[in-house]
Amino acid sequence: MFYSKIFIPTLREVGQEAEAISHRLLLKGGFIRQLASGLYIYLPLGWRVMQRIIKILREEMDAIGAQEITCPVLHPAELWEATGRWYEIKDEMFRLKDRGGRNMCLGMTHEEVMAWLASKEIRSYRELPQIWYQIQTKLRDEARPKAGIMRTREFIMKDSYSFDMDEEGLNHSYEIHRKAYHRIFERCGLKFYEVESDPGMMGGGQSHEFMAPSTAGEDEIVICDRCGYAANMEVADSIPHETIKEESNLEEVHTPDKRTVEEVSRFLGVPREGFIKTLAIMASEGLVIALLRGDQQLHEKKLQKIIGPFRQALKEEIIERLGTEPGFIGPHGHGLRIIADPVLQKGSYISGANKKDYHIRGLKAGVHFKPEWYSIHIAKEGEGCPKCNSPLRIEKAIEIGNIFKLGTKYSIPLKAFYLDSSGQQRPIIMGSYGIGPARIMAAAVEQANDADGIIWPKSIAPFDIEILPLSPGNVVMETAKKIYNSLIERGFDVLLDDRDERPGVKFKDADLIGIPYQIIIGERGLKEGYIELKERRTKAITKLSPDSVHRYGF
RNA sequence: CGGGGCGUAGCGCAGCCCGGUUAGCGCACCUGCCUUGGGAGCAGGGGGUCGGUGGUUCAAAUCCACUCGCCCCGACCA
């Protein structure tokens, strides 16, 4: 491809509104343009990158026997009503009516449609298993589109769905997807982790996410470098640091006007780890007490999984039930349901005395109060791995893929049944697996760039090699074209910068758009019989004779 | 949906507080000359209903109200 024939509108500067590095560089390099909030146009260079990612996705999906199909983006509401998601999902779903007044929606994912298809077509166990996938547009009316192409309202997704007879079959489908995903992200040149995750509204059982570490990421992941434990912060557990065990008898202490753990800790000269943080929670079942160690933070999602939706109890509700105001409440002496973090199983602690201006020391779990034990704290950097107790690390990351074991959540309501070998009707066991190629693109840029621009992994770069003839002179351009042809013959995607621009412009643009290799041809070098090969990543320059370039191992 | 910020030429910005010539700068663009190893130089030129609507005023880019759009933080994120 000649530079003059491909539209690459690079920018000198990008506005304040773009903050994420990938967003800035993709705009600056002429890969993307924004149409409206969360809506992006992929320009020739950006679309080339997407195509190369998609090609890898196809190859690896095909390799595990997945079959590509394509479904409509426009869905009849009935399917979503059948699974209940029509009602569960709120503003994120684009809804509309057709001319006949029928409710429709734009597909944000395709479990319903795929399960519907299976329900129509799969009759017998002989037709199972199946894996169907598509690479197709999804629409979600995101509350807040973010960071360029990282979170958009319309995006392409590779989504696949597995259909099996039983759990064992599902486990196999899940496993081959898991492995395929590893190959895909490796081939795309990304640093990534596979982490345990929260299935969320997808429902079903086990799920994992694939996370590309990046400070621009929206998620936090908890990682153990020793045993490989890795989990999304939403589900991560940790073993908090052991603390000094204060052994003392139950005794009330006067703590006038000292309410928060912080205040009482300072007042008594006891570190926060010596306290029980007593939280009064109003759940649908009524007042519930949640207990954390004084230095811990409540993980609301974890608690919600145990007691359902809740809010902080109001001051009046606390006074009415416990007879004292927030700041002096404790875990003992009332019959309320108590959820406690397991770190409190050992030791004795200080907490509120359920009496204004008093705290109480010497509280022991099992002795003075009897809680249900659930991990409800937020994991912190440096705390112990739940599996091997070595220090955990926390990193920000971009979610680039996820895999879910769905079970029968969609197959039963949509009546996707099959007959087993004994003639009995059974629900098909499903899994669903997604990858966002635009996220891969953004993550690749986030993970590899420098002050001059993008450094594409070879596998997904818009071109393999860029040739920079530095002057319009005949010899230079002829040499460039000769090399261009020989590289094309070898099967490379080559970009030849044939523009009538000064060398500086060509250098700047080449570094910005980040093609892995640059072949620089100048009169100066040519006179001495060499051209230069520059590796974009290292900026290392190798001098080669013009005749030997095509033999180089790119 | 809560909080904050921004909207002025194709792009990036200043001007706005404190109303008052013809609304300015850089880049890009057009013409000519010159130049060709890191976004050249000189000369000339074109391009704006200052997001929109309404109001205050002799006078509004500037003050007020409403509204639309975009960005950031949070909530949310199947």
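Sequence lines set the chain letters: A, B, ... in the order given, protein chains first and strands last, and positions in each chain run from 1.
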Legend entry - Counterpart residues, salt bridge (charged side-chain N to carboxylate O under 4.0 Å, His left out), relative to A:Arg393 (two or more places apart): A:Asp225, A:Glu395
Which side-chain N or O atoms in residues 523-531 of chain A pair as donor and acceptor under 3.5 Å with protein atoms at least two apart or in another chain?
| from | atom 1 | to | atom 2 | distance (Å) |
| --- | --- | --- | --- | --- |
| A:Glu523 | OE2 | A:Ser471 | OG | 3.1 |

Inset, instruction - Determine whether any donor atom in the side chain of A:Arg151 lies under 3.5 Å from an acceptor atom in the base of B:rC77, or the reverse, and answer yes or no. - result: yes
Inset, instruction - Run the salt-bridge test on A:Glu142 and A:Arg153 with the 4.0 Å N-O cut-off and return the result as yes or no. - result: no
Inset, instruction - Can you sort out the partners of A:Glu399 under salt bridge (charged side-chain N to carboxylate O under 4.0 Å, His left out), two or more places apart, ordered by chain and number? - result: none
Inset, instruction - Compute the centroid of each ring, for A:His208 and then for A:Phe404, and state whether the two points are separated by less than 6.0 Å. - result: no
Atom pairs, protein N/O to nucleotides 41-45 of chain B N/O, distance under 3.5 Å:
none

Taking N or O atoms only and anything under 3.5 Å, show me the protein contacts with nucleotides 31-36 of chain B, one pair per line.
| from | atom 1 | to | atom 2 | distance (Å) |
| --- | --- | --- | --- | --- |
| B:rU35 | O2 | A:Arg502 | NH1 | 2.7 |

List the atom pairs, with distances to 0.1 Å, where a side-chain N or O of residues 3-17 of chain A and a protein N or O form a donor-acceptor pair under 3.5 Å, not counting sequence neighbours.
| from | atom 1 | to | atom 2 | distance (Å) |
| --- | --- | --- | --- | --- |
| A:Ser4 | OG | A:Asp498 | OD1 | 3.2 |
| A:Ser4 | OG | A:Asp498 | OD2 | 2.6 |
| A:Thr10 | OG1 | A:Asp509 | OD1 | 2.9 |

Inset, instruction - Scan for salt bridge (Lys or Arg N to Asp or Glu O under 4.0 Å) pairs involving residues 532-541 of chain A, sequence neighbours excluded, and state none if there are none. - result: A:Asp450-A:Arg536, A:Asp450-A:Lys539, A:Asp452-A:Lys539, A:Asp511-A:Lys534, A:Glu535-A:Arg537
Legend entry - Closest-nucleotide 5' rank along RNA chain B - winner of A:Asp219 and A:Lys534: A:Lys534
Inset, instruction - Using the C1' atoms only, state how far B:rG20 lies from B:rA60, rounded to an integer number of Å. - result: 10 Å
Inset, instruction - Could you please name the option among B:rA75, B:rG39, B:rC70 that lies closest to any side-chain atom of A:Val505? - result: B:rG39
Inset, instruction - List for me each residue that meets salt bridge (charged side-chain N to carboxylate O under 4.0 Å, His left out) alongside A:Glu68, sequence neighbours excluded, and say none if there are none. - result: A:Arg58
Legend entry - Distance-only donor-acceptor test (3.5 Å): side chain A:Lys527, base B:rG37: no
Legend entry - Footprint string (nucleotides 5-17 of chain B, 5' to 3'): B base within contact, S backbone only, - free, heavy atoms under 4.0 Å: ------SSS----
Legend entry - Contact list for residues 19-44 of chain A, test salt bridge (Lys or Arg N to Asp or Glu O under 4.0 Å), sequence neighbours left out: none
Legend entry - Nearest listed nucleotide, side chain of A:Lys28, among B:rG37, B:rA78, B:rG39: B:rG39
Legend entry - Pair listing, ring pair (Phe, Tyr, Trp, His ring centres under 6.0 Å) test, anchored in residues 129-157 of chain A, at least two apart: A:Trp132-A:Phe163
Legend entry - With A:Asp91 via salt bridge (charged side-chain N to carboxylate O under 4.0 Å, His left out) - residues at least two apart: none
